[in-house]
Number of protein chains: 2
Amino acid sequence: MFSKSCKYAIRAVLYLAVHSDESSKIGVKEIADSLEVPKHFLAKILQQLAKHNLIASIKGPSGGFFLTETHINASLIQVVYSMDGPEMFSSCLLGLPVCSSDNPCPLHVQAFAYREGIIYQMKHQTIKELANRIEREELKL
Amino acid sequence: MFSKSCKYAIRAVLYLAVHSDESSKIGVKEIADSLEVPKHFLAKILQQLAKHNLIASIKGPSGGFFLTETHINASLIQVVYSMDGPEMFSSCLLGLPVCSSDNPCPLHVQAFAYREGIIYQMKHQTIKELANRIEREELKL
DNA sequence: ATATTAAAAGACTTATTTGTCTTTTAATGG
DNA sequence: CCATTAAAAGACAAATAAGTCTTTTAATAT
């Protein structure tokens, strides 16, 4: 479904949503250790997210990564798009070049219905809402 | 979602379901040309499917690949399992080692519903039923 | 039997993804 | 201003997926 980069990105953003803010930034090391993912690989992913303005970063002592109000009120779908591109959700399940309601592949109906569900959730739920649920239900990242 | 091998495999099996039977076998070349996929790559995939008894094959002149009654009454899920393995449907969307209803990742509820739908369809619909629909609705492969 | 046909098997190359390491740039505190 | 800290940038390396090519094996028809 998602590439590893994308999975790491989602988890990192949610981690930042729960643990960071303007006044308490977090370094790559802490995030990588907490999520148990390769540090340098995660660093590149965070750079990319920062470049796409999905997270904020500051260099130097007491620097690190964090989410602003704007970031935390966005939806996760942007993170997915920036890592795996928009085809993730729109491309045909069987890899056919043309596949739509007009011209459906044999699995189009099923794929469409169920993918719409995930897209809807990812689009209409803010990162903040997700973060709140993570804290409330003590979910693991 | 699926690897390319798996996509090619599904399409090839459906192609065989529509066009082949015990008395009219089909060669790799014809399938590869029809589906517009790399011939030698598809050959390896068909070999693997044959080894797993998901399709039948006969060597020599008038040989080729085909589906028996048994094959055509099976479900597509076996094809997916044989190409991409069972983790495809069971593993966590975020790649967490433990993720279940007891111990859900932040996207577990959404992901679960989505995937169960596709699994259900792939499990409870026979290849024959799919093939009939493909012919009836003139769907592309 | 033997020549022909087509799948099976296996070696190999290429591309992509994932992961590592080093150097550079920018912010901060002394 | 300068040492320190941490992200940014970029060069590599490893692992996996995708694709190609050649040789071997088995079935068939002449």
Side-chain angles (χ1 to χ4, degrees), chain A residues 1-13 16 20 22-33 35-67 80 82-85 87-88 91 94-95, chain B residues 1-13 16 20 22-33 35-67 80 82-85 87-88 91 94-95:
Chain A
M1 183 92 210
F2 300 132
S3 68
K4 276 201 175 179
S5 301
C6 189
K7 292 174 182 174
Y8 294 168
I10 292 173
R11 293 169 65 200
V13 167
L16 289 172
S20 84
E22 213 100 16
S23 63
S24 67
K25 290 137 197 158
I26 303 182
V28 192
K29 186 167 177 359
E30 178 185 330
I31 307 176
D33 287 351
L35 304 184
E36 298 182 89
V37 305
K39 191 177 85 173
H40 293 289
F41 190 40
L42 182 64
K44 287 207 306 186
I45 291 166
L46 292 172
Q47 275 170 40
Q48 198 177 332
L49 290 172
K51 209 181 294 177
H52 286 104
N53 289 307
L54 299 173
I55 66 178
S57 70
I58 293 286
K59 289 182 181 179
S62 86
F65 296 92
F66 62 101
L67 302 191
V80 175
S82 93
M83 299 306 298
D84 285 352
E87 299 84 46
M88 171 88 319
S91 66
L94 296 185
Chain B
M1 184 92 210
F2 300 132
S3 68
K4 276 200 176 180
S5 301
C6 189
K7 292 174 182 173
Y8 293 169
I10 293 173
R11 293 169 66 199
V13 166
L16 288 173
S20 85
E22 212 101 16
S23 62
S24 67
K25 291 136 197 157
I26 304 181
V28 193
K29 190 172 176 352
E30 179 185 328
I31 307 175
D33 287 352
L35 304 183
E36 296 183 271
V37 306
K39 191 177 86 173
H40 293 288
F41 190 40
L42 180 64
K44 288 208 307 186
I45 291 167
L46 292 172
Q47 277 170 40
Q48 197 177 331
L49 291 171
K51 208 181 294 176
H52 286 103
N53 289 309
L54 299 173
I55 65 177
S57 69
I58 293 285
K59 289 182 182 179
S62 85
F65 296 91
F66 62 102
L67 301 191
V80 175
S82 94
M83 299 307 298
D84 285 352
E87 299 85 45
M88 170 89 317
S91 65
L94 295 185

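Chain identifiers are assigned alphabetically (A, B, ...) following the order of the sequence lines, protein sequences preceding nucleic acid strands; residue numbering begins at 1 within each chain. Scope of the values below: all heavy atoms of this structure, side chains included, with no hydrogens, waters or symmetry mates.
Residues B:Asp84 and B:Cys6 approach most closely at OD2-CB, 3.2 Å, considering heavy atoms. Minimum heavy-atom separation, A:Val37 to A:Arg11: CG1-NH1, 3.8 Å.
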Using a 3.5 Å cut-off and no angle test, enumerate the donor-acceptor pairs between side-chain atoms of residues 47-67 of chain A and protein atoms at least two apart in sequence or in another chain.
| residue | atom | partner | partner atom | Å |
| --- | --- | --- | --- | --- |
| A:Gln48 | NE2 | A:Ser82 | O | 3.1 |
| A:His52 | ND1 | A:Gln48 | O | 2.9 |

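Among residues two or more places apart in sequence or in another chain, the ring-ring contact (aromatic ring centres under 6.0 Å, His included) test is passed with B:Phe2 by none. With sequence neighbours left out, the side chain to side chain contact (heavy atoms under 4.5 Å, CB included) criterion links A:Glu36 to no other residue.
A distance of 12.0 Å separates CD1 of A:Ile10 from CG of A:Leu35, quoted to the nearest 0.5 Å. Separating the OG atom in B:Ser3 from the CE atom in B:Met83 is a distance of 6.0 Å, to the nearest 0.5 Å. Atom CD1 in A:Ile45 sits 7.5 Å away from atom OH in A:Tyr8 (nearest 0.5 Å). The distance from atom NZ of A:Lys25 to atom CG of A:Leu16, rounded to the nearest 0.5 Å, is 12.5 Å.
With the end axes of the helix from C:dA1-D:dT30 to C:dG30-D:dC1 each set by five pairs, the angle from one to the other reads 0° at 10° resolution.
When the C1' atom of C:dT18 is taken as reference, atom CD of A:Glu36 falls 18 Å away, rounded to whole Å. In this structure, the NZ atom of A:Lys7 is 10 Å from the P atom of C:dG19, given to the nearest Å. Atom-to-atom, CG of A:Asp84 to P of C:dT16 comes out at 15 Å; the value is rounded to the nearest Å.
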Using a 4.0 Å cut-off on protein heavy atoms (strictly under), produce a 5'-to-3' string for nucleotides 11-22 of chain D with B for base contact, S for backbone-only sugar-phosphate contact, and - for none. -------SBBBB
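The main-chain N or O of A:Glu87 is found under 3.5 Å from a side-chain atom of A:Ser91 such that the two form a donor-acceptor pair.
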Nucleotides 4-7 of chain D: which of its N/O atoms have a protein N/O under 3.5 Å away?
| residue | atom | partner | partner atom | Å |
| --- | --- | --- | --- | --- |
| D:dA6 | O4' | A:Gly60 | O | 3.2 |
| D:dA7 | OP1 | A:Val28 | N | 3.3 |
| D:dA7 | O3' | A:Ser57 | OG | 3.4 |

